[in-house]
**Q** 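Please read through the structure below; I'll follow up with questions.
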Amino acid sequence: MSTAHARGYSGARSTRAALRLSLLQFMADPQWLIPSMIAPVIFGIVAFELFRGFGPYFLTYAILGAGMMSMWGQTLYGSGWATGQDREFGTLEPTIQAPTPYLYIVLGRVLWNVVSGLLGGAIVYAVVVAIAGAPPALPDPLGFVVLFLFVMLTLAAVGVVFAAFYVYTRYAGFIQNIGEFAFYVGTGCMFPVVLLPFWTSPVALFFPPTWALDALRYASIPGYVGFSWGFWPDIAGAVATTTAYLVLAGAIFHRVERHVLEVGNLDHY
Amino acid sequence: MSLPAADGPAIETHDVRRVFESRKGFLFREKTRTEALKGVDLTVERGAIFGLLGPNGAGKTTFTKILSTLLLPTSGRALVLGHDVSRETDWLRPRMGLVLGGERGLYNRISGRENLRYFADLYGVPLAEREERIRQLLERVDLVGAADRRVEEYSRGMKQKLHLARGILHRPEILFLDEPTIGLDPKSARETRKLIRSLVGDGVTIFLTTHYMFEAEELCPRLAVLSKGRIVARDTVDGLRSLVGGDRTFEVEAYGFEDREVEALRRLPGVSKVVEEEFGPMTRLTLRVRTLETNLGQVRDLLPGHPELAVRERRTSLEDVYLDLVDEEVR
Ligand SMILES: Nc1ncnc2c1ncn2[C@@H]1O[C@H](COP(=O)(O)OP(=O)(O)OP(=O)(O)O)[C@@H](O)[C@H]1O
Ligand SMILES: [Mg+2]
């Protein structure tokens, strides 16, 4: 009996469990769906007005701009926020104490946030199409969806790194609000980077979604001139930066988990 | 089956110290250092309940967290099941269970059963066994009826039971319980203690902290007293009882005593300690008596002129011993 302890953890199973937990918590309290549905509607309306007259493909610009804005919140912010909640609930301690590295749990939550971010994107699409009265002219609708998902995944990689801050300190929300603003302006979420002042581009270069979003614009807007050298260089840039973020997340998480044991602030909230 | 040092002690610590540094203020940050543990040496054998007693702030939670890999010692060495808590967390975590008492630490918006499922997954409880094991556990902690209700609807006692169920879900070899009955009514506390005792039958080593003496007395054949970050005693209940002065306790009550009366009592043969307490208009003197030769009659004779005098003898409880120990440390 005493040796009948669990064999240990499975990372994939823990990720699935975290994804499932997010879903259960969402279903238990779905009222936040309303604010998270209102935001994409507003973004959609604003973007439509903003990009009106921005050339023949302004609808696509509007959808991408507003889509990124709403996904930003869902995917990036949501990942860290769930960890902040773990602090608040006092569940961070038992979770860290369990054999599974916390990173796997964050991955599960990020997956959930990708799903809910997609919902925001769909709402934006519907709103913009409804105002315009016609769908945007997309050269390759399927490719558009696939690349859209790809953008989300690159954003999710950033979310994983942000989540580490939430394990690190209870002040992560504060840090993220500042960091988020810089990224937000610098990465061309709303506007293509080429329209932004030069100083923003170094920030953008190290931010995976910039590349992915640029690739998406290349693929869906004929004649688009982005900040890189074309579609494939963009894809390469996105893959490289995303990989770098994931590697960074792996390294950071290991250290952060150690650091919090040293400081002893796991139960602070 | 062939664990290294499988018959060694369950817990072994050498000079474990822990310092917390916290900061106050925003611009001009003031550093404060709290030495929560000041060199704890402790050995706990396998297969029984070991109790760690101590008043608020003694360092019980800090020590429990160090042993359960949630906190690193600032210095010193702690081994659990023969493995170093600061370096061998991967080996240790699947084999240990931790229950930190209280209202927090659960996902409140989902059901008790879902909480258990989640942690079963994180602990790698074999999927084929998961549901059945959870069912058995819920039965064991008497939560079958509430299993599918949201945890936020649970009473404190029910939450505590769920905490316990989570702690043993993965069948740990060693279980750490930090004040497992805190905030429970007497009936729930008794049920919880019964459950804890039943775990020992499964071969689990249990390390339990409490500041209820009777709880330690009831559950723990061996215990240690922690006071201000130091172990001030470590013994069996009977051993502890004989440690402080003797086996007999006299209680003397009246509307106040004069100093020379107290002094006279102190000089009685075998009296090792006199503690004075006030409650309402009454004063109670508690005498610790080492010999059999001193009796209540002698006490009465020394205190004439107290028509309201009440004198009685009772068994020295662990609580008396404990208060003495902690009290001595204060001075
Ligand atoms: N994270 C922390 N930061 C700063 N000081 C801390 C921290 N955790 C504990 N302490 C301090 O360490 C000391 C021991 O605290 P601990 O919680 O271990 O005591 P305890 O014996 O569990 O008390 P209680 O019976 O009240 O639960 C206290 O002085 C406490 O203020
Ligand atoms: Mg405590």
Side-chain angles (χ1 to χ4, degrees), chain A residues 1-32 82 85-102 104-105 108 171 174 254 257-269, chain B residues 1-3 6 18 20-22 36 46-47 61-62 65-66 68-72 74 86 89-90 92-100 102-111 114-115 117-127 150 152 163 166-167 169-173 202-205:
Chain A
M1 159 76 209
S2 67
T3 50
H5 59 76
R7 278 168 295 130
Y9 66 93
S10 138
R13 184 169 163 202
S14 300
T15 297
R16 246 180 295 137
L19 175 63
R20 184 160 180 276
L21 180 72
S22 300
L23 177 69
L24 287 171
Q25 285 183 302
F26 168 71
M27 292 196 312
D29 196 13
Q31 65 255 32
W32 71 259
Q85 284 238 301
D86 258 348
R87 270 188 180 280
E88 213 176 306
F89 295 160
T91 41
L92 190 57
E93 285 192 321
T95 310
I96 295 278
Q97 213 269 335
T100 304
Y102 196 71
Y104 290 109
I105 288 146
Y171 302 113
F174 175 69
H254 195 72
E257 279 191 60
R258 192 80 187 163
H259 170 86
V260 288
L261 300 188
E262 264 164 34
V263 178
N265 66 354
L266 278 174
D267 59 342
H268 293 183
Y269 59 101
Chain B
M1 286 287 178
S2 58
L3 300 171
R18 173 71 213 198
F20 288 105
E21 284 183 351
S22 44
R46 289 191 194 227
T61 301
T62 304
K65 284 187 183 172
I66 286 178
S68 57
T69 75
L70 274 185
L71 196 61
L72 292 174
T74 308
S86 37
T89 49
D90 291 349
L92 282 166
R93 284 179 174 167
R95 292 169 173 85
M96 34 171 75
L98 170 68
V99 178
L100 296 170
E103 301 260 348
R104 299 173 70 231
L106 296 163
Y107 292 99
N108 279 324
R109 273 186 257 157
I110 61 173
S111 70
E114 287 295 358
N115 268 276
R117 275 188 190 133
Y118 178 64
F119 281 96
D121 289 340
L122 300 199
Y123 274 98
V125 170
L127 209 50
R150 290 179 180 208
E152 63 196 2
H163 272 297
R166 181 183 60 198
L169 184 62
H170 55 294
R171 299 193 177 148
E173 286 173 50
D202 299 348
V204 182
T205 303

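A note on names: the letters A, B, ... follow the listed sequences, proteins ahead of strands, and every chain is numbered from 1.
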**Q** Of all heavy-atom pairs between A/V263 and B/R18, which one has the smallest distance, and what is that distance?
**A** O-NH2, 3.2 Å
**Q** side-chain hydrogen bond (donor to acceptor under 3.5 Å, both in side chains) with A/R16: which residues, sequence neighbours excluded?
**A** none
**Q** Taking salt bridge (Lys or Arg N to Asp or Glu O under 4.0 Å) as the test, write out the residues that go with B/R150, two or more places apart.
**A** B/E152
**Q** Between CG of B/L72 and CZ of A/R258, what distance do you get to the nearest 0.5 Å?
**A** 4.5 Å
**Q** Name the option with the most non-hydrogen atom pairs under 4.5 Å to chain A; the candidates are B/H163, B/R93, B/E114.
**A** B/R93
**Q** Side chain from CB out, backbone as N, CA, C, O: work out which of these in B/T205 comes under 4.5 Å of a heavy atom of chain A, or both, or neither.
**A** neither
**Q** Heavy-atom distances under 4.5 Å only: say whether A/I96 touches chain B with side chain, backbone, both or neither.
**A** both
**Q** If I compare all heavy atoms of B/L98 with all of A/Q97, which pair ends up nearest, and what's the gap?
**A** CD2-CG, 3.9 Å
**Q** Heavy-atom distance under 4.5 Å to chain A: side chain of B/L100, backbone, both or neither?
**A** side chain
**Q** To the nearest 0.5 Å, what is the distance between CG on B/D121 and CZ on A/R13?
**A** 4.0 Å
**Q** I'd like to verify something: which residue of A/T95, A/L92, A/V260 has the highest number of heavy-atom pairs under 4.5 Å with chain B?
**A** A/T95
**Q** Between the main-chain N or O of B/Y118 and the side-chain N or O of A/R20, is there a donor-acceptor pair closer than 3.5 Å?
**A** no
**Q** So which part of B/L106 gets closer than 4.5 Å to some heavy atom of chain A, the side chain, the backbone, both or neither?
**A** backbone
**Q** Within a radius of less than 6.0 Å around OH of A/Y104, do more than 12 heavy atoms belonging to other residues, nucleotides or ligands occur?
**A** no
**Q** Could you tell me the separation between the CZ atom of B/R117 and the CG atom of A/L21, rounded to the nearest 0.5 Å?
**A** 12.5 Å
**Q** Would you say B/R104's side chain and A/R87's backbone share a donor-acceptor pair under 3.5 angstrom?
**A** yes
**Q** Got a second to check how far A/L261's CG is from B/S86's OG, nearest 0.5 Å?
**A** 9.5 Å
**Q** May I ask you to name which of A/A98, A/G264, A/S14 has the most heavy-atom pairs under 4.5 Å with chain B?
**A** A/A98
**Q** Do B/R109 and A/F89 touch side chain to side chain, with heavy atoms closer than 4.5 Å?
**A** yes
**Q** Indicate the atoms forming the closest heavy-atom contact of B/G105 with A/P94, along with that distance.
**A** O-CG, 4.0 Å
**Q** Is a donor on one side and an acceptor on the other found under 3.5 Å between the side chain of A/T100 and the backbone of B/L122?
**A** yes
**Q** Name the region of B/Y107, side chain, backbone, both or neither, that has any atom closer than 4.5 Å to a heavy atom of chain A.
**A** both
